[in-house]
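Start at 1 and go down the list; that is how both ligands and their atoms are numbered. Bear in mind the structure is a predicted one, so any value in this text is a computation, not a measurement. Computed over heavy atoms, backbone and side chain alike; hydrogens, waters and symmetry mates excluded.
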Amino acid sequence: MVVDFGGQYAHLIARRVRELGRFSVIVPAAAGPEALEREAEGASGIVLSGGPGSVWEESHDWAAEWAVRSGKAVLGICYGHQLLGKVLGGRVGRAPRPEFGPTPIEVLAGDPLFKGVPRRFTVWMSHNDAVLEPPPGAEVLARSPGSPVAAMRWGDRVYGVQWHPEVAHSEWGMELLENWLEIAGAPKNWSPGDIVAELVDYVRREAGGARAVAAVSGGVDSTVAAVIARRALGDRLTPVFIDHGLHPEGEVERVSRLLAKAGIEPLVVDASDRFLEALRGVTDPEEKRRVVGRVYGEVLAETARRLGAEVLVQGTIYPDVIESGARPGADVIKTHHNVGGLPRDLGLRVVEPLRWLYKDEVRRLAEVLGLPREIIEKQPVPGPGLAVRIEGEVTREKLEIVRRADAIVREEVERAGLHRGLWQYFAVLTTSKATGVKGDRRSYGYVVAVRAVESVDAMTARPARLPWGVLERIAWRITSEVPGVVRVVYDVTSKPPATIEWE
Ligand code: XMP
């Protein structure tokens, strides 16, 4: 169990633990002592994770005291380490030298936590404060230039480390976590592929005898959720694909065909006029997302009513559950469709079989379920579709332009065989207009931007170095085949500071 004090790494720690074959959950400290107590039942160990502040600013002492009292194995990481130092009676304060980035570590004492790990190695640190003197009875296990107590053990089962073993830049991080999990006695029994039957049971139980709809988009999450629900409910489930008129060219047919192959041919509901009507005059990107989410919810609820369904099956995954529910104050960068965009109260009982799983675990399930490769590998299309790839107001004319341009980008990238290495590749219709010359006459028209990025999880991304010839061909085809476009530019910005989509 990972207690999250609002740092960046709680998810990464929980994922690493799962990669090491143990199930893990995240519980925000903000959820309060009862929630922690409830969730800790059945946990072998408790990780106290990082946090943005100083241990002197906001009092989380109760959480560390509770973890120590629980008698379970405890691992404090960074802020969690300092919190342990504080509540156990050590001295915590400004580090003699704040450490950010790669930092050398020296292991001082033999301990099961460092089994198989060398005496000196490099880890990734990020801290201003440090444990300056160990708590009474604690053993100092490691030090670094800015952390006299970079690692410590108190009693048999309480450990703290100042660095972040969960990040890839820390050497021996996975070994350290594995050692701690062994100390905790956490059985190695987690494998996402093994839980298909459990998830099917879960949906059956939650749905009771009711009819259900599954909102499907063609993405891997909603497809896996619907396939599981089909196994649980048989014909009582109707997969519903809402055509909001904002899909890329051929997407509705492509998705229907793939889902049929996966055994969940969807009911396609054409509501494109309604979406376009609702989007008229809307220029703000977040407002567009809200409008699309609202109308999507309405159409879905009406469809469910028409089918006599009381249950909605959704492909929500773990990061969405934690991020939308339990992290007040976390900065909203974009309101993602399946998280903030969909109205909460649709009059349907929501069943989310994937709510405990990470993306890579859902992909693993997709493989175990034998879903077509094209679904697992399909590039993501944002919920609001082309609405967030048209800067400013969405009109039929602009939709037509971006859809044609986007199809050309897709065709050329795929023809060159480059798509496998890319996370996404698409066209954006900007609000810029520019001058061109067509057939000896001045023309004045739109500027289309092409975006192609490499990424592993969409949290960070790099512009793809597409071959010049492919880019030139894309520009040539878009300007000759798409009326109204006079110029094509390529977006070479990374995320951060840009995002993948333009809006
Ligand atoms: P950004 O633009 O935030 O995108 O870097 C990260 C990933 O999320 C997708 N995306 C969305 N997906 N609804 C979605 O379902 C949305 O509103 C939305 N906005 C962005 C984006 O395509 C990329 O894969």
Side-chain angles (χ1 to χ4, degrees), residues 8 11 214-226 241-248 251 255 275 278-279 282-297 300 314-321 323-324 330-343 352 354 358-360 362-363 375-391 394 402-403 406 409-410 413 419 421-430 449-464 491-503:
Q8 299 173 59
H11 274 299
V216 291
S217 67
V220 67
D221 303 342
S222 64
T223 306
V224 168
F241 181 78
I242 293 175
D243 181 1
H244 50 27
L246 306 165
H247 291 293
E251 181 80 354
V255 167
F275 279 90
L279 282 168
V282 180
T283 52
D284 176 68
E286 284 300 274
E287 186 57 23
K288 286 186 198 174
R289 286 187 167 84
R290 277 191 291 274
V291 168
V292 172
R294 173 173 55 77
V295 179
Y296 188 94
L300 193 62
Q314 252 190 309
T316 321
I317 62 174
Y318 200 45
D320 302 340
V321 174
E323 264 146 40
S324 59
D331 198 21
V332 176
I333 296 173
K334 288 182 190 181
T335 313
H336 278 207
H337 182 96
N338 54 356
V339 187
L342 204 58
E352 297 165 319
L354 310 180
Y358 286 107
K359 191 87 183 179
D360 52 326
V362 175
R363 290 213 185 91
I375 291 181
I376 304 173
E377 286 167 5
K378 197 171 149 310
Q379 66 161 323
V381 177
L386 302 178
V388 291
R389 292 181 182 169
I390 293 170
E391 280 193 293
V394 178
V402 78
R403 191 175 275 137
D406 185 69
V409 173
R410 210 181 261 254
V413 167
H419 52 293
L422 299 180
W423 175 265
Q424 274 171 309
Y425 41 101
F426 55 87
V428 176
L429 184 56
T430 73
V450 174
R451 181 107 167 113
V453 296
E454 296 166 3
S455 175
V456 279
D457 53 10
M459 298 298 289
T460 58
R462 253 194 1 194
D491 180 351
V492 291
T493 333
S494 296
K495 171 182 182 176
T499 53
I500 295 176
E501 304 291 345
W502 272 40
E503 288 203 325

Polar side-chain atom of E391 near backbone of W502 as donor-acceptor pair, under 3.5 Å: no

Nitrogen or oxygen atoms of K495 and ligand 1 under 3.5 Å apart: yes

side-chain contact (heavy atoms from CB on, under 4.5 Å) partners for V453, two or more places apart: W423, Q424, R451, A461, I500

Interfacing atoms of ligand 1 (cut-off 4.0 Å, heavy-atom, W423): 24 (O)

Ligand 1 N/O within reach of P384 N/O, cut-off under 3.5 Å: no

Geometric class of the F241/H247 ring pair [parallel <30°, tilted 30-60°, perpendicular >60°]: parallel

Any P382 side-chain heavy atom under 4.5 Å of E501 side chain: yes

Selection from K288, R389, E501 by shortest heavy-atom distance to atom 22 (O) of ligand 1: E501

Numbered atoms of ligand 1 (with element) below 4.0 Å of T499, judged on heavy atoms: 1 (P), 2 (O), 5 (O)

Minimum non-hydrogen distance to atom 18 (C) of ligand 1, winning option of P380, S217, P382: P382

Per-atom contacts, ligand 1 versus R289 - under 4.0 Å to a heavy atom: 16 (C), 17 (O), 18 (C), 19 (N), 20 (C)

N/O separation below 3.5 Å, G383 to ligand 1: yes

Beyond-backbone contact of V220 with K378, side-chain heavy atoms, under 4.5 angstrom: no

All side-chain contact (heavy atoms from CB on, under 4.5 Å) counterparts of E454, not counting sequence neighbours: L422, R462, A464

